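Down below is the structure, laid out as structure tokens.
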Amino acid sequence: MTIAIIVHGGAGGWDVSGANLAEARQACERAAAAGRDILARGGSALDAVEAAVIILEDCPVLDAGRGSYPNAEGFVEMDALIMDGRNLQMGAIAAIQRVRHPVTLARRVMDKSGHHFLVGPGADAFADSIAFPRCDVSDLLVDADQEPEGLAVEGASGLGDTVGAVALDAYGNLAAATSTGGTPNKRPGRVGDSPLVGCGAYADNWTAGVSATGYGEALMRVVISKRVCDLVGTGLSAAAACEAAIRLLEERTGGEGGLIAVDARGQVGWAYNTGAMPHAFAIADGPVVVGN
Ligand code: ASP
């Protein structure tokens, strides 16, 4: 069975000649390479997507973990989702504060909480109950000159630079993960598409794994990631399914966003209708390919 991984650093109004996009592309390249190394050593798709997203959460120009946008009250509230295509298991958290790696906490929710989705104070209490590492809000906020620049171009306003990864391992298992600080200046308690199953991500060994990014208020209304999986199930390639879902998003909601996908045969696809969406992928032992 072939292995494959694709990652993204958010669909937004990136300045395509700017330093931040170059840094985001490099982070995507490192994330895809790290995930591919895990897959090449026989590691699981879940481990690969978690490791890739951790690298992206550490990148200060991306809106996840360190570099998350503050909300309207200056706090950072983050959302994340991870999903296992073998058995449709999932873990999600929303409005979590003071953790460096929300994707890992989402995985702990899946494995240890007895539930699938924890939010706000309950997610905090769960994190503390398993002694999950906490940080200060200052560890998540970055300098103004390093701020995510997803708002640079008119028309893509309201988008962040959410991160995500999708992988297929050598045993034919798919996994997907998405992590975000949400949209800039969001109302406290606002949750977008990212932690919602089928919206921010979906993974099903029978069809595909998908991670989404963009204007969450639109993406959630078309349940976009599950829709891509269903389109793959009707025979579309991962690439064609992503294109079709972005067209549908535009036609039905006028929303902007981006998608990455890997299908059960290891074909990758992506699509976006914003200025850019830094991404990187690797298939089998081929090179890591980086794009906007
Ligand atoms: N989808 C994310 C949200 O609405 C933002 C993004 O992808 O940039 O929270």
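Nothing here was measured: the structure is a model prediction, and the numbers come from that model. Below, all heavy atoms of this structure are taken into account, side chains as well, without hydrogens, waters or symmetry copies. Read the numbers this way: they start at 1 and go in the same order the structure lists the ligands and their atoms.
- Those atoms of ligand 1 that come under 4.0 Å of a heavy atom in S194, given as number and element, are 1 (N), 2 (C).
- Side chains of N173 and N205: a donor-acceptor N/O pair is present below 3.5 angstrom, by distance only.
- The D161 neighbourhood of ligand 1 comprises atoms 8 (O), with distances under 4.0 Å to a heavy atom of that residue.
- Between V119 and I93, the closest side-chain pair of non-hydrogen atoms is not below 4.5 Å.
- Looking at R190, E217, M220, E256 and measuring to atom 4 (O) of ligand 1, the nearest heavy atom belongs to R190.
- Side-chain N/O atoms of T180 and T162 include a donor and acceptor closer than 3.5 Å.
- N273 and E250 share a side-chain donor-acceptor pair at under 3.5 Å.
- Listed by atom number, the atoms of ligand 1 under 4.0 Å from T213 heavy atoms are 6 (C), 7 (O), 8 (O).
- Distance check: E256 CD to T253 OG1 gives 9.5 Å after rounding to the nearest 0.5 Å.
- Of the candidates R108, M78, E57, E57 is the only one forming a side-chain contact (heavy atoms from CB on, under 4.5 Å) with V103.
- At least one N/O-N/O distance between T162 and ligand 1 falls below 3.5 Å.
- Less than 4.0 angstrom separates some heavy atom of D193 from each of these atoms of ligand 1: 1 (N), 2 (C), 3 (C), 4 (O).
- Polar contact check, G214 against ligand 1: a nitrogen or oxygen pair lies under 3.5 Å apart.
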